[in-house]
Amino acid sequence: MLDIDLERAAKFFESLASATAAHPGVTRDSYGTGEQKAHDLLAAEAQTLGLEVTNDNAGNLYMTLPGRDRDLPRVVLGSHLDSVPHGGNFDGAAGVIAGIIVLEAFRRWGVAPRRDICVMAIRAEESTWFPLSYIGSRAALGNLAPEELKSLRTDNARSLAWHMAKAGYDPDSVARGEAFLHPGQVACFLELHIEQGPQLLARDLPLGLVTGIRGSLRYRNACCIGEYAHSGAVPRNSRKDAVFGAASLVMGLDSLWQELESDGHDLTITLGQLQTDSKEHAFSKIPGLVRFCVDFRSLSEETLNLLDQRLHALCDSISQSRSVRFELGPRSGSTPALMDEEILNKLGSSAQKLGIPVYNMASGAGHDASVFANAGVPSGMVFVRNAHGSHNPDEGMDIEDFGLGCRLLAALLSQDNFPD
Ligand code: HGY
Ligand code: MN
Ligand code: MN
């Protein structure tokens with residue numbers, strides 16, 4: 001029951017990294033060549049294992065080991081295959097490859113599961129390509145709104161529908177909300193994922209069990225508008241300096257974070273992009289424009305709404321004091337999600353039986369499991385310790401830790417009474 005083929009896994013990770021290399025790191029662009037190469041590799045691997053391989057109208061990939069009773073709701077496990085630009089090789093992919101490695105072991109052990117076990121390779125989870133969260137998993141569940149298909153990819157201004165059609169899928173049926181997965185026919189959703197943060201490393205633990213997934217509230221295209229003027233001729237109190245305005249906002253948000261955190265709120269605040277306008281800025285000009293984005297995360301909707309109110313209040317007071325103005329632009333985001341208590345407990349007791357020390361923790365990063373959980377599908381996540389954080393080329397993962405995660409999933413999925 002324990003011989004997971006780690007050599008096969010390591011080789012697969014290598015082939016995936018070289019097929020999608022974009023020095024530095026990998027780039028698996030949503031509905032682009034990088035993501036498609038990853039999907040093709042996984043489909044080919046599933047075919048060699050004799051799994052049933054199919055796609056839905058959004059291009060999500062399903063690789064299924066048939067169960068003894070095919071009428072039962074299926075177990076779905078997996079994650080996304082896209083990556084951020086010049087990202088790491090394990091974010092998302094580890095969850096899909098873990099599913100394949102578990103089914104390969106079931107094939108080798110001659111395990112015929114009670115119900116279908118389907119490994120899902122999900123499209124377009126990263127919201128850096130299209131200004132949307134969880135495109136693939138929401139499309140699979142029929143929850144993508146028609147106007148979202150019109151969203152433009154940030155680097156080529158082509159629509160999501162255009163990309164889906166170009167990849168050979170059917171955006172019109174996605175726009176009609178035609179679901180491939182119906183919550184009542186999915187017994188549970190499981191996602192193995194690298195932690196992407198420092199907590200398991202700090203605790204020297206190989207695996208974490210996720211209790212909940214933070215939601216987000218975002219302004220992707222915000223700006224602070226001042227007035228370009230001579231850098232030497234204008235006294236302080238007559239300036240409309242967009243950099244000082246944006247900097248006041250940054251410092252205001254930092255003290256807001258400290259205030260709310262000490263009040264017991266769960267949150268993170270990130271301004272991932274902050275730039276003056278290279279077409280107009282200059283050394284001897286007071287800057288008239290700063291573009292920036294805001295990414296709020298929290299386990300609590302109420303905290304996200306409070307952050308939004310306080311952000312607007314900060315913008316108003318800085319506009320007054322610095323004679324600038326803020327345009328936050330469109331707001332997007334995702335809903336916080338709780339993982340299923342029973343699955344969490346079963347993961348914990350299986351880990352205990354296997355002698356694997358685990359740590360129950362919330363996820364700061366967003367994951368497709370939150371879409372399944374919020375659609376009413378009992379969901380669970382296993383975190384694997386990983387070095388050097390994530391969303392960067394140095395993202396690391398120890399294959400032995402990955403193997404423990406696969407063993408835990410295999411132990412759970414080989415039980416006829418899982419999830420019930
Ligand atoms: O942004 C996120 O949390 C995820 O990596 N897409
Ligand atoms: Mn991810
Ligand atoms: Mn990611």
Side-chain angles (χ1 to χ4, degrees), residues 13 16 20 22 25-32 34-35 38 42 60 77-99 120-139 151 153-154 189-197 199 208 210 212-220 266-273 293-299 304 332-337 339 361-374 379 381-386 388-397 402 405:
F13 278 117
L16 181 62
T20 57
V26 299
T27 296
R28 304 197 268 257
D29 48 323
S30 308
Y31 289 101
E35 182 189 63
L42 263 297
N60 294 303
L77 70 157
S79 190
H80 60 97
L81 278 185
D82 59 326
S83 77
V84 295
H86 303 293
N89 194 35
F90 306 106
D91 175 5
V96 186
I97 296 170
M120 182 179 177
I122 303 171
R123 290 275 183 179
E125 186 271 351
E126 296 293 355
S127 48
T128 45
W129 300 100
F130 293 94
L132 301 168
S133 300
Y134 311 130
I135 293 171
S137 45
R138 288 196 295 126
S151 295
R153 211 172 96 156
T154 45
F189 178 78
L190 295 175
E191 183 169 8
L192 176 143
H193 202 288
I194 53 170
E195 180 207 334
Q196 300 182 294
Q199 300 192 60
V210 175
I213 299 172
R214 282 190 180 130
S216 63
L217 188 152
R218 295 151 163 178
Y219 291 96
R220 295 166 187 272
D266 166 80
L267 74 152
T268 61
I269 299 177
T270 311
L271 284 85
Q273 290 158 317
C293 63
V294 182
D295 182 1
F296 292 139
R297 305 284 183 107
S298 176
L299 281 172
L304 290 172
S332 62
S334 58
T335 311
M339 294 297 96
M361 60 189 286
S363 170
H367 298 289
D368 289 302
S370 63
V371 172
F372 284 88
N374 287 331
S379 299
M381 280 197 80
V382 175
F383 268 172
V384 179
R385 166 172 53 186
N386 86 282
H388 313 307
S390 183
H391 286 192
N392 70 64
D394 301 329
E395 177 188 280
M397 181 188 72
F402 171 78

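If you're wondering where the values come from, they're calculated on a predicted model, not measured in any experiment. Just follow the structure's listing: the first ligand is 1, and inside any ligand the first atom is 1.
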- Query: Can you list the steps and then say if Phe383 with His367 is a ring pair (Phe, Tyr, Trp, His ring centres under 6.0 Å)?
  - Reply: CA-CA 11 Å; Phe383 268 172; His367 298 289; 5.7 Å; yes
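- With a 4.0 Å heavy-atom cut-off, ligand 1 is reached by the side chain of Arg297 but not by its N, CA, C or O.
- Interface of His391 with ligand 1, defined as ligand atoms under 4.0 Å from a residue heavy atom, comprises 5 (O).
- Side-chain contact annotation: His391 with Asp91, donor-acceptor N/O pair under 3.5 Å present.
- With values rounded to the nearest 0.5 angstrom, Leu190 atom CG is found 10.0 Å from Met339 atom CE.
- Near Ala365, meaning under 4.0 Å from any of its heavy atoms, are these atoms of ligand 1: 3 (O).
- Between the Mn ion (ligand 3) and His80 there is no N/O/S contact shorter than 2.8 Å.
- With Glu125 contributing its side chain and Ser79 its backbone, the two residues share no donor-acceptor pair below 3.5 Å.
- The angle subtended at the Mn ion (ligand 3) by OD2 of Asp91 and NE2 of His391 is 90°, given to the nearest 10°.
- Below 3.5 Å of separation, one finds an N or O of Glu126 facing an N or O of ligand 1.
- Taking 4.0 Å as the cut-off, Gln196 does not count as a neighbour of ligand 1 on heavy-atom distance.
- Per residue His193, closest N, O or S atom to the Mn ion (ligand 2): atom name NE2.
- Atoms of ligand 1 lying under 4.0 Å from at least one heavy atom of Gly366, given by number and element, are 2 (C), 3 (O), 4 (C).
- If you check the side chains of Ser133 and Arg218, you find a donor sitting under 3.5 Å from an acceptor.
- Geometrically, ligand 1 and Ser127 share no nitrogen or oxygen pair separated by less than 3.5 Å.
- Heavy atoms only, all atoms of each residue included: Ile213 and Ser370 are closest at CD1-N, 3.6 Å.
- Protein heavy atom in closest approach to atom 6 (N) of ligand 1: Glu125 OE2, 3.0 Å.
- With a heavy-atom cut-off of 4.0 Å, Arg218 touches ligand 1 through its side chain alone.
- Neither side chain, Thr268 nor Arg297, offers a donor N or O lying under 3.5 Å from an acceptor on the other.
- Contact annotation: His80 has no heavy atom less than 4.0 Å from any atom of ligand 1.
- Side chain to side chain, Asp82 and Ser30 meet the donor-acceptor criterion of an N or O pair below 3.5 Å.
- Nearest approach of Ala93 to Leu81, heavy atoms of both residues: CA-CD2, 3.9 Å.
- Counting just the N/O/S atoms of Glu126, the one with the shortest distance to the Mn ion (ligand 3) is named OE2.
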